[in-house]
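This report concerns only the one structure given below.
Numbers restart at 1 for each chain; the letters A, B, ... are given by sequence-line order, proteins then strands. Note that the structure is a prediction, hence the values are computed from the model and not measured.
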Amino acid sequence: MPDRYPGYDVLAKRHTPSWNEQTRRVIDRRLAVPRTPRFLSDHEFATVQAIAAEVVPQPVHRPPVPVAALIDAKLLDDIQDGFRAADMPRQRTAWLRGLQALDAEAQAAHGAAFRALTAERRCDLLLQMKQGALKHDSWGGMSPVNFFKQRLLHDIVEAYWSHPTAWNEIGWGGPASPRGYVRMGYDERDPWEAAEAHGDADAASRKNRHVG
Amino acid sequence: MPMQRPERTAMLADPLAEPRGKDGRAPDVFRPGGWVPMRQYRESEPVDFLIVGTGAGGGTLACRLAEAGFSVVGLDAGPWFRPLDDFASDEAEQSKLYWTDDRISTGANPLQLGSNNSGKAVGGSTVHFAMVSLRFRPEWFRARTLLGYGADWPIDWREMWSYYAEVEQALKIAGPISYPWGPKRPRYPYRAHELNAAALALAEGCEKLGVAWSETPLATLSAPRGLAHPCVYRGFCVTGCSTNAKQSALVTWIPHAVAAGAELRDLSMAGRIEVDAAGRAVGVHYFREDAWHFQQARNVVVAGYAIETPRLLLNSTTDRYPDGLANSSGLVGRYLTVQANQAAWGLSKREIRSYKGPPSLALTEHWNYDDRKDFFGGYCYMSQGPLPQLWANTLATARGLWGAPLMEAMENYNHQVGLKIVGEMMPQANNRVTLADDKDQYGLPIARVEYAWCDNDRRLIDHALDFMTQALQAIDASDIWQQTDDTCHINGTARMGIDPRTSVVDADCRSWDIPNLWICDGSVFPTVGGVNPSLTIQAIACRTANRIRALAARGELERRAHV
Amino acid sequence: MTASRQALQSMLDQLDALQIEADRCAATVRAARRLNRGSALLAASVLMDSAVEHYRGNFTNRAMYTPLLISVLTLAISAHGTTDRRPASHRVRHGIAVAAAATGLAGTAFHIRNVLKRPGRLDWQNLFYGAPVGAPMAILLAGLLGSAAEWVRDTPNHMPPRLFGIPAGRALAALSGLGLLCTSGEAALLHFRGAFHNRAMFAPVTLPPIGAALLLNAAVAPKCRERWLTRVWLQLIMLMGLTGVGFHAWGIHRAMGGWRNWSQNVVDGPPLPAPPSFTGLALAGLAALGLLRDHEDA
């Protein structure tokens, strides 16, 4: 699939009035998130990577968004959502139990840990989880459906789209303070916004070089 | 000689780690690293009013009571931010504004809490609200009598009309020159903002379907005000305004409250209201800086919003009040009423880029004022502008996309156009807040929130989704889908009324059971209407302050004149 | 800078005054040159204002370059006219001035069309944020003043200058008075949009209408040599127009990010080049007063 916003890099705006100091600090911290697990075990970390590869498949031509590392950081900081279903434990427990149960399901169905399965089998297991078809004892009363929707999907998606690389792909303007936006109407773009290819990748790419 | 800057370290200090409102000063929200003097009260000396919570209800009331000359202390569990210093342009980082403490959400239609409806900061949820500032339809104050559903409010709409005007003036609401619905209202103090493409799409849809639309009256500045900057259309409104354009309680009521002599204590979690042998409230136990404190007070006001308010009342049981305070009716925690928040989404051929500007610049209240419907209540719908994390989460959890379809759908982000309702749900006694066995980080039992829609709720939702889908079709949107499960705004768990048996507080927000215990937030709503509640919460707070002044003047603050 | 310009100006004026004694037709040249200056200020204001506003509109329509081009040309002919002391009109100058006026009319039509295309049609939202309906009026006025300069300059010796069959002094007083009224109306609309949040915002909606009334009175009232109040008032408006730039610069400074965020605030904040329109029109008014004074029957 060709780039919709060719050459757009939201990080090019880092030193423009679109970014302030506090935002630079936050994004720098996120970009520097340790790529090795601090809360999860190595195996759990690798399992999260395997899940994330199915939920938010990434192109190979660029450095990947470190989804597992971002989730590991979230669990380490224990930043919660503010609610959970009655059949859901708190998020740390939920993730640990969910990963364990997923492995148990993989073992039962295919005789191997989840991360060792083919992409097709991983996808199939995740689909079964979503549909409530997983019943292994190791879920320990936690609802696989809620785990899929409220933990797994939610946390992976939020981790992925917290990363500038993901912002580039969807052409979002990114951080915006003190400078916001001027042109508000249909098909209106400020010079510091991503230009969409609309069939002319070169023209868009030229504009995107100047968003900084 | 280098200038001494003792604030420097404090400015960089983490507002979530260490309280700022102490030692006789409070953070100046308008100046980076700045401070303003703040009066301090001794814990051992009873203050006139001790207010738990500083959001739309508590912040407003603290301001008005302090201005009236009462001694006021406010407690807030959250930090005291300086938006210019502390707010980053980042969704994930700004989740620090939300109440993310543990809560259990259950029932047939469990609520999503946290980001969308619960704030934990000085200023409460107004720090991250969408600024939509609408008045109730007058008939809603007598919904039972005039419209046949819910319950009547004990307040006349004409009285509310003047308090609405007071709040609109205090927040310099930017609104249209003439509002298409409801009785005449004074001109909004500031002019409406320029519409973004998402709002223009709503307007076009309405014009095609033949219903009126309007610029949304918003609590964000369209022109400078004092030290606050006008809006720069950065679009991060619901994750915290870093320019101070948003007229949250944090930058309006609270600085005025402090200037008028109120003391506000941040990072102060109220755990229990103390009641004496005579059954009167005498103060509040609260947790701050690793220790429990006790502040004495002649009056206690609970303003923690519709989950924390009943939780505190239920957590304050005594031998005399084994079911919690102010709960002789058994209604504390009951009639939790949220609002429907369903949406229709589609794709436009044109670039919408709805991330620019406040998310809801245009709306229609048509179905709040047109009664030719097969359900009770009404709804408005507004244009939308979700930022990427929220949008991805919506596509994943509400539309059920993951894998390649999710990645492809996200690529259409800049062409996405959406309409979302704020719809009136019916008050039901079984929708309620109770206490769970689990404890939070303060050792307090957490809230358990139970919610189920009724048939009327479902009919309203179906009607709204159908109409909004038509509106998207009318502007040639493609790939239209319906987000069916969202809710917003939490109200009604300590409803006001005229009968102590069927309500928790009277029209003055004073509890029937304990004359010096008051409740002032969305909890007191008997019905929720089809508009965002913040303006009404603030209007009620202004009214309560006025009533308290009148009662004090008559010597009726200490005891109720007649029940 | 201003002081030296004023000094220079007063010297020129004194020289002019001497010449009047020698040749009355020099008075018409002087009035014409004043009109050229007024036209120049208006054109400069249009040039910068439309540059900013049409940049904001991304020049989506090629026609949006027109006011830039025409206002540059108007500036050029005004400069040429200001230095030209010959008592005869100039065909190219006149042609461009007429084109500028026509551009103003066409621009108004374009802007009205833009507003009518938006949802809400002629509602406040579109008057505030759609293409500004009153803005092209400034280039129309610049063209009319430039045109008037040529007519007045072309007056044969010993004939009172006339415009459209009306004595030129009176016609010009009326034109600049109406111009002041319209421009004040536009300021009123935009300052209303800004909720008159600063009291100084009332100045351009109160001073110019009074100036307009004084000018209109001069246009119709019996002859009167000394209109000192009108003169002083117009000078006040000239000053207001220049001070307005300072206020608007302050407005940009106090927006989020201030001047460092110029790429937003210069476009979104109060328009820097707008207030000098008043100065240009006040200059034209003063030129009209000059004609009225010098030609008793004008």
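No other option in B:Phe87, B:Tyr233, B:Trp391 has as many heavy-atom pairs under 4.5 Å with chain A as B:Tyr233. Between chain A and the residues B:Ala198, B:Ala392, B:Ala199, B:Ala404, the largest count of heavy-atom pairs under 4.5 Å involves B:Ala392. No other option in B:Arg448, B:Glu91, B:Arg234 has as many heavy-atom pairs under 4.5 Å with chain A as B:Arg234. Among the candidates B:His229, B:Lys356, B:His415, the residue making the largest number of heavy-atom pairs closer than 4.5 Å to chain A is B:Lys356. Listed options B:Thr106, B:Leu113, B:Asp438, B:Asp101 were ranked by heavy-atom pairs under 4.5 angstrom with chain A; first place goes to B:Leu113.
Under a cutoff of 6.0 Å and an axis angle of 45°, B:Arg103 and A:Phe83 do not form a cation-pi pair.
For A:Arg189, the parts sitting under 4.5 Å from any heavy atom of chain B are the backbone and the side chain alike. For A:Lys130, the part sitting under 4.5 Å from any heavy atom of chain B is the side chain, from C-beta outward, and nothing else. Looking at A:Glu196, the atoms closer than 4.5 Å to chain B (heavy atoms on both sides) sit in the backbone and in the side chain alike. With a 4.5 Å cut-off on non-hydrogen atoms, B:Leu361 touches chain A through its side chain but not through its backbone. Heavy atoms closer than 4.5 Å to chain B are found in both the backbone and the side chain of A:Leu127. Contact of A:Pro178 with chain B is made through the backbone alone, with heavy-atom distances under 4.5 Å. Residue A:Trp19 does not touch chain B at all, counting heavy-atom pairs closer than 4.5 Å. Heavy atoms closer than 4.5 Å to chain B are found in the side chain of A:Ile79, but not in its backbone. In this structure, no portion of B:Ser118 lies under 4.5 Å from any heavy atom of chain A. Looking at A:Val55, both its backbone and its side chain come within 4.5 Å of chain B, counting heavy atoms on both sides.
Looking only at distances, no side-chain donor or acceptor of B:Ser89 sits under 3.5 Å from a matching main-chain atom of A:Pro175.
Between B:Leu387 and A:Trp172, some side-chain heavy-atom pair lies under the 4.5 Å cut-off. Within the 4.5 Å cutoff, side-chain heavy atoms of B:Tyr355 are placed close to those of A:Glu193. Looking at heavy atoms from C-beta onward, B:Ile446 lies in side-chain contact with A:Arg84 at the 4.5 angstrom threshold. For the pair A:Met184/B:Leu200, no side-chain contact is recorded, criterion being any heavy-atom separation below 4.5 Å from C-beta on. The closest side-chain heavy-atom distance from B:Glu351 to A:Tyr186 is not below 4.5 Å. Two residues are said to be in side-chain contact when any heavy atoms from C-beta on lie closer than 4.5 Å; A:Pro57 and B:Met407 meet this criterion.
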_Using side-chain contact (heavy atoms from CB on, under 4.5 Å), reason through B:Asp90 and A:Ile27 one step at a time and then give a plain yes or no._
CA-CA 8 Å; B:Asp90 187 74; A:Ile27 306 295; 3.5 Å; yes

*salt bridge (charged side-chain N to carboxylate O under 4.0 Å, His left out) evaluation trace for A:Glu188 with B:Arg353*: CA-CA 8 Å; A:Glu188 286 188 357; B:Arg353 297 183 190 258; over 6 Å; no

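Across every non-hydrogen atom of A:Leu153 and B:Ala396, the tightest pair is CD2-O, 3.4 Å. Residues A:Gln22 and B:Asp86 come closest through the heavy atom pair NE2-N, 4.3 Å. Minimum interatomic distance between A:Glu158 and B:Asn393 (heavy atoms only, all atoms of both residues): OE2-CB, 3.6 Å.
Relative orientation of the A:Phe148 and B:Trp402 rings is perpendicular, given thresholds of 30° and 60° on the angle between their planes.
Residues A:Gln80 and B:Tyr98 bring no donor and acceptor atom of their side chains to less than 3.5 Å of each other. In summary, the side chains of B:Asn414 and A:Tyr5 do present a donor paired with an acceptor at a separation below 3.5 Å, with no hydrogens or angles considered.
We find the OG-CG distance between B:Ser348 and A:Asp187 to be 7.5 Å, quoted to the nearest 0.5 Å.
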